[in-house]
Amino acid sequence: LEPTNFVNDLEPPALAIEPRLTEIKEAVLARGWRVCMMSGSGTSIFALGPPDGDAAAAGLEGWQDDLGSTCFMTTFVSRPEEDEKVWYGEA
């Protein structure tokens, strides 16, 4: 995953208007994720891929207090093309 492969044109103006979003994004990147960006017009900030270093083992322990935000660990799900009877599976 390369950060330059992901673009949200609404992110720069939103970060300029609300500096707290920049603080949260920088904190997520500092915890080991290479890709972190804002969704849409700013309803959430998310990170992609496995984190580097100790962040993977640490999970989200203490994040809500550190960031002053609610944090969720998620995984992608997808529908396998080869079996239409299967509704979804982990990506």
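Here the structure is a predicted model, which is why all the values come from computation and not from measurement.
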(request) Measure across V28 and A47 and return the closest heavy-atom pair with its distance rounded to 0.1 Å. (result) CG1-CB, 3.8 Å
(request) First locate atom CD1 of I24, then atom SG of C36, and finally report the distance between them rounded to the nearest 0.5 Å. (result) 9.5 Å
(request) Compare every heavy atom of S39 with every heavy atom of N8, then report the nearest pair and how far apart it is. (result) ND2-C, 3.8 Å
(message) When you compare the side chain of L48 with that of W33, does any pair of heavy atoms fall below 4.5 Å?
(response) no
(request) Can you see which heavy atom on L21 is nearest to which on L15, and at what distance? (result) CB-CD2, 3.4 Å
(message) Just so I know, are the side chains of E11 and M37 near enough to count as touching, which here means a heavy-atom distance under 4.5 Å?
(response) yes
(request) With rounding to the nearest 0.5 Å, note down the distance linking CD in E26 to CZ in R31. (result) 13.5 Å
(message) Starting from L29, can I reach F6 by hopping between I/L/V/M/F/W/Y residues whose side chains sit under 4.5 Å apart?
(response) no
(message) Measuring only between side-chain heavy atoms, which start at C-beta, is S44 closer than 4.5 Å to M38?
(response) no
